[in-house]
Structure formats: C-alpha cells, structure tokens
Amino acid sequence: AQLNRRVWELRKQDKRKAVVLSIGQVVPHEVMGMANFNKNLFVGVGGVEAINLSHFIGAIHGMERMMGRAQNPLRDILNYASDEFLQGELNLWYILTVMGRNATSGDLEMKG
C-alpha cells in the first residue's frame, strides 16, 4: 500500500489543524469488494502504481470472488496498512454513506 506524499506529510503538522477527510459512498467494487474507506487513501490518491497493483491482486484472487464483499485479501492488505501506519499518524476521518430502504416506508434513502 502506498499513500500520496502530500497526505502523508500532513502528519508533521499540528494534528488539530491538519485533518484528512475521506468522503464517499459504500458501493460494490469489482477490485476492492466494496469501494471507499481506506481504498480512497491508498489507491485513490496513492497513484498509478497502487491502482495497477490492486487490480493485479484482484485478478489473481478472482474479481468474481471479491465483488460486493467487504472481506477479501486486498482489503486485508489495506486494513493492515491502515492499522500499522496510519493510526495515530494522521487526524483521519471517514464520512461514508450507503443507500438503503426505509424500514417503514420502503423508500430508498441515504444512510450514514
């Protein structure tokens, strides 16, 4: 996993001022299983090498076994990198939404 240098260098600043927001909607993704969360940081702004490597790992494991699944080998790699290298280093906030049915009305609504 790699991280954009500009994002990583924020850890040198006062953590109260340097906030990293990762905003997105949780949706099925053919390579990561589910889009967003730490994928935005490691792959989304990580650069072309991160994109290519994630697609390679997804192809090896089998994209049909990853699509729509939150638990898979590639997600495990990114979760490990988050736990080992980002926790305590960045003032990182995830704002995630998901679409779902309202239990009472049955209408589609955004949650999160």
Hphob cluster co-occupancy, Tyr94 + Leu74, side-chain heavy atoms under 4.5 angstrom
yes
Find the distance between OG (Ser22) and CG (Asn38) and round it off to the nearest 0.5 Å.
8.0 Å
Could you go through Phe42 and Ser54, starting from their C-alpha distance and side-chain angles, then the distance that decides it, and tell me whether this counts as side chain to side chain contact (heavy atoms under 4.5 Å, CB included)?
CA-CA 10 Å; Phe42 290 120; Ser54 68; over 6 Å; no
For residues Leu41 and Leu90, determine if any side-chain heavy atom of one lies less than 4.5 Å from a side-chain heavy atom of the other.
no
Heavy-atom closest pair, residues His61 and Met66:
CD2-CG, 3.4 Å
Between Met67 and Met32, is there a shared hydrophobic cluster once you connect ILVMFWY residues whose side-chain heavy atoms come closer than 4.5 Å?
no
Between Arg101 and Leu108, what is the shortest heavy-atom contact and its length?
NH1-N, 3.6 Å
Linking I/L/V/M/F/W/Y whenever their side-chain heavy atoms sit closer than 4.5 Å, directly or via other members, would Ile51 and Leu53 fall into one cluster?
yes
Euclidean distance, Gln87 CD relative to Leu92 CG, rounded to 0.5 Å
8.0 Å
Indicate the ring-plane relationship of Tyr80 and Phe85, choosing parallel, tilted or perpendicular according to the 30° and 60° boundaries.
perpendicular
Any chance you could measure Lys111, atom NZ, to Leu96, atom CG, to the nearest 0.5 Å?
15.5 Å
Looking at CG of Leu78 and CG of Asp83, how far apart are the two atoms once the value is rounded to the nearest 0.5 Å?
11.0 Å
What's the spacing between His29 NE2 and Arg75 CZ if we round to 0.5 Å?
9.0 Å
Should Val43 and Val45 be counted in the same cluster of Ile, Leu, Val, Met, Phe, Trp and Tyr side chains packed under 4.5 Å apart?
yes
Taking atom CE of Met34 and atom CG of Asn72, what is their separation to the nearest 0.5 Å?
10.5 Å
For Gly68 and Pro28, the nearest pair of non-hydrogen atoms, with its separation, is CA-CB, 4.1 Å
